[in-house]
Amino acid sequence: MKIKKNQIIYGILLLVFILSVLPWLKEGVPVTDDYRHHASRAWFIKEEFKQLQFSEWVPYMYGGWPFLHFYHPMFYLITSPIALLFNPIVFLKITTILAYAIALFGTFYAAKLLFKDEEVSMIAAVAYFLSSHFLFHATISGALPRLMAIALVPITSTYFIKALEENDKKITAISTILLAILFMMHTSVAVPAFIICFVYTLYNSYLTKTSASFLKGMLILGIAILLSMAWILPMLLEKEYGNFSESEGKISPPYLEQSFRSFGINHNGQTYIRSNYFGYATLVLALISLLFIKKNKTVNFLKLGFITSVFFYFNIFNLLDLVPMLKIALTGSSSYFISMVVFNSVMLAGVGAKSICKKIKKDYLIYILALIIIIELYPGLNTFSYGWSNQKTENFVNPPQLIQAWEFIKQQEGNFVVFSSVGQAAEIYHNKQEFGADWVGCPQCVQKETYKIHNEIWQNFTKGIKNDEQLGYLGVKYYVIPCQYKIENKLAYTNGVVCAYENEKFKSMIESEAKITNINYKLDEVSFKTNSNKPTNVLVKINYFKPHWRAYVNGNETQISQIWPEFMSIDVPVGQNEVLFKYRTNASHIVAWFITFLTIILGTYYVRK
């Protein structure tokens, strides 16, 4: 029985995917930069479902912070069923594999949509999937929203090109929705895609010589932003309360080694990480298409996209510095344009490989490339990481003795803060607020003063400097450290490897001269009763995010004062009082959601008309 060409192509794609997924099926996880944050957020989503309380306010780190307010929400919205059904560490693996599938099969579908050729599509899909740019974020960075956004770039860009080329309402609607999803998945990846799509729009207007084509492209981009308004508007209106100060310096271009890394990793002088062959072959094929393939409108879109994305990638003439707020959106670096560089180059590479095969009247080149892929794929994926944790998957990177110490903490009554000097995602295991090293590198997860103080305290702690009184005021009741390091505090728990010490200077999370009773904490509120024989104040050690926190005494709203560093304080009258602090939605959220829903309604009407 003769095997059909398309069966070989689908077999190669399936083999690439299986080989890519195999390393993720063993126990443990890769040691990454960001997995700890996403594990904690997945656990928090599960807690929301468990408690049937749905709020953007996360109370477990940094004194609380509205993490979906200043951080891309779409990844967590899409993957929330996975977070609900699985352990948060298993969630990391499943969502990474999902991103793999979208990057490989989504790019294949995108290329097929553009060129209607499965061989071109196979080369483009595997080239994008195997780009070190994609794999870096999968196994070293661990930045899952960014990884998912990178996976979506090919299909999103392709639908935009098709929407410009064809007068099809369905394609236009899909393009708009994908752009909105990409924008809310990861802004730093999406903004370069929007800029290059704008370039595509200008080019299409030049070809058609009509303003209608320009208006169509701008409408797609504009409506995508309106669909994202539920997230964008509150973030922009309340940006001053976040920790997103715009740097005074220029947007920095990537260093040269980083650019080459996007097309393959070299031997680093000590260990073999990943060969360059397929990555550099992709670049060569892209350049062949760039120079020699002409009179093809779709290829010309990609050529222009490749040239302009490289231009912006290196921020030539510093043009990006002229765009307002772009430094914040790109977090100060033009390197985020690499997704568009790689997208355009792999599509050109697929066309280039097919063109050469036609020229020599042989398909050998396509399948020689496929052979190179298979030879270098599995060793590359296995070593393309800082390392692999040797713990059980559910333990994350934490040894069992550390988890035992956190279990002891979990059993202690009351609300307090834990200072864990080792381990990751501690709050998942002890279910208390965590002060330790985990979130020190996350400025967008907290207000400015708290971020500054936490970093200073952590840096001092690593030098052996610890102020129990200051930490006690901040709510720290326990220190969790390796037993080999001794501190002058009361030993509360030990298993011989990890010790938990009690901070005798601990102050209650709700401080007052009044008697405090009936304390009840929920995810986004705290209630209690006070009883005093004179007017007094109450200090609540939750970070005061001004636009949303409200306080009520006996059902009447009262003014909140900010107390160092960013806690909340109110005055209460004589006698017995019922007090409630509540994180509430405000007018900006309501208006933003109205804009998003109105856009959806009008868009649906347009498509069905």
Side-chain angles (χ1 to χ4, degrees), residues 102-125 127-128 149-183 185 189-190 192-225 227 286 289-290 293-309 339-352 354 603-604 606-609:
I102 293 171
L104 182 62
F105 299 111
T107 305
F108 178 81
Y109 174 77
K112 195 173 176 182
L113 194 63
L114 282 178
F115 301 110
K116 297 179 174 56
D117 187 298
E118 291 181 337
E119 289 177 321
V120 171
S121 303
M122 180 191 72
I123 294 298
Y128 192 82
I150 292 167
L152 286 168
V153 162
I155 190 70
T156 303
S157 303
T158 293
Y159 262 101
F160 186 82
I161 291 172
K162 294 302 290 182
L164 293 178
E165 288 183 331
E166 299 179 13
N167 189 23
D168 188 309
K169 287 184 178 181
K170 183 179 177 182
I171 289 176
T172 301
I174 294 172
S175 173
T176 306
I177 292 167
L178 285 172
L179 282 165
I181 290 172
L182 182 66
F183 196 86
M185 189 70 72
V189 175
F194 272 66
I195 291 173
I196 300 304
C197 284
F198 175 70
V199 172
Y200 292 152
T201 300
L202 291 176
Y203 176 66
N204 192 57
S205 303
Y206 167 76
L207 291 178
T208 60
K209 310 294 186 199
T210 65
S211 59
S213 61
F214 177 77
L215 182 61
K216 182 179 182 180
M218 295 306 294
L219 277 173
I220 293 172
L221 295 173
I223 293 170
I225 292 173
L227 285 171
S289 293
L290 187 69
I293 296 179
K294 300 175 182 178
K295 297 181 180 179
N296 184 310
K297 183 180 177 182
T298 301
V299 170
N300 287 340
F301 270 115
L302 297 168
K303 285 183 181 181
L304 185 62
F306 179 71
I307 293 168
T308 53
S309 56
S339 296
M340 295 306 295
V341 173
V342 175
F343 160 69
N344 286 286
S345 65
V346 300
M347 292 296 178
L348 289 171
V351 175
K354 183 70 175 184
T604 304
Y606 166 76
V607 172
R608 293 195 169 191
K609 188 174 67 170

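All residue numbers refer to positions in the sequence shown, counting from 1.
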side-chain contact (heavy atoms from CB on, under 4.5 Å) between L113 and I161, worked out: CA-CA 10 Å; L113 194 63; I161 291 172; over 6 Å; no
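- Within the 3.5 Å criterion, the main-chain N or O of F306 finds a donor-acceptor partner in the side chain of S309.
- For M347 against L302, the heavy-atom pair with the smallest separation is CB-CD1, 3.5 Å.
- Under the 4.5 Å side-chain criterion, counting only non-hydrogen atoms from C-beta, F183 is not in contact with L227.
- Residue N204 comes nearest to L164 through the heavy atom pair ND2-O, 3.6 Å, listed as atom of the first residue, atom of the second, then distance.
- Judged by distance alone, the side chain of K162 and the main-chain N or O of D168 form no donor-acceptor pair under 3.5 Å.
- Among all heavy-atom pairs drawn from Y200 and M340, the shortest one is OH-CE, 4.1 Å.
- No more than 12 heavy atoms of other residues, nucleotides or ligands lie within 6.0 Å of NZ in K294, so this atom counts as exposed by the packing criterion.
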Mind running side-chain contact (heavy atoms from CB on, under 4.5 Å) on F160 and T201 for me, showing each step along the way? CA-CA 9 Å; F160 186 82; T201 300; 3.2 Å; yes
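- At least one side-chain heavy atom of L215 sits less than 4.5 Å from a side-chain heavy atom of L219.
- L304 contributes atom CG, which lies 10.5 Å from atom CG of L290 (distance to the nearest 0.5 angstrom).
- The distance from atom CG of N167 to atom OG1 of T172, rounded to the nearest 0.5 Å, is 7.0 Å.
- Here the side chains of I123 and K354 are not in contact, with every heavy-atom distance at 4.5 Å or above.
- Scanning both residues, A190 and L182, for their nearest heavy atoms gives CB-O, 3.6 Å.
- For F214, there are no ring pair (Phe, Tyr, Trp, His ring centres under 6.0 Å) partners at least two apart in sequence or on another chain.
- A 4.5 Å side-chain heavy-atom check between L348 and I293 finds every atom pair outside the cut-off.
- Taking CD of E118 as the start and CZ of F108 as the end, the distance is 4.5 Å to the nearest 0.5 Å.
- Nearest heavy-atom pair, S339 versus V189, reported as atom, atom and distance to 0.1 Å: OG-CG1, 4.0 Å.
- Atom CG of N300 sits about 7.5 Å away from atom CG of L207, to the nearest 0.5 Å.
- Listed for the S175 side chain is no donor-acceptor partner under 3.5 Å among the backbone atoms of I171.
- A cation-pi geometry, defined here as NZ or CZ lying under 6.0 Å from the six-membered ring centre and within 45° of its normal, does not hold between K303 and F301.
- Counting heavy atoms from C-beta outward, I177 and Y159 have side chains that stay 4.5 Å or more apart.
- In this structure, OG1 on T298 lies 6.0 Å from CZ on F115, to the nearest 0.5 angstrom.
- Shortest non-hydrogen contact noted between S157 and F343 is CB-CE2, 3.5 Å.
- Checking side-chain atoms of S345 against main-chain N and O of V342 turns up a donor-acceptor pair under 3.5 Å.
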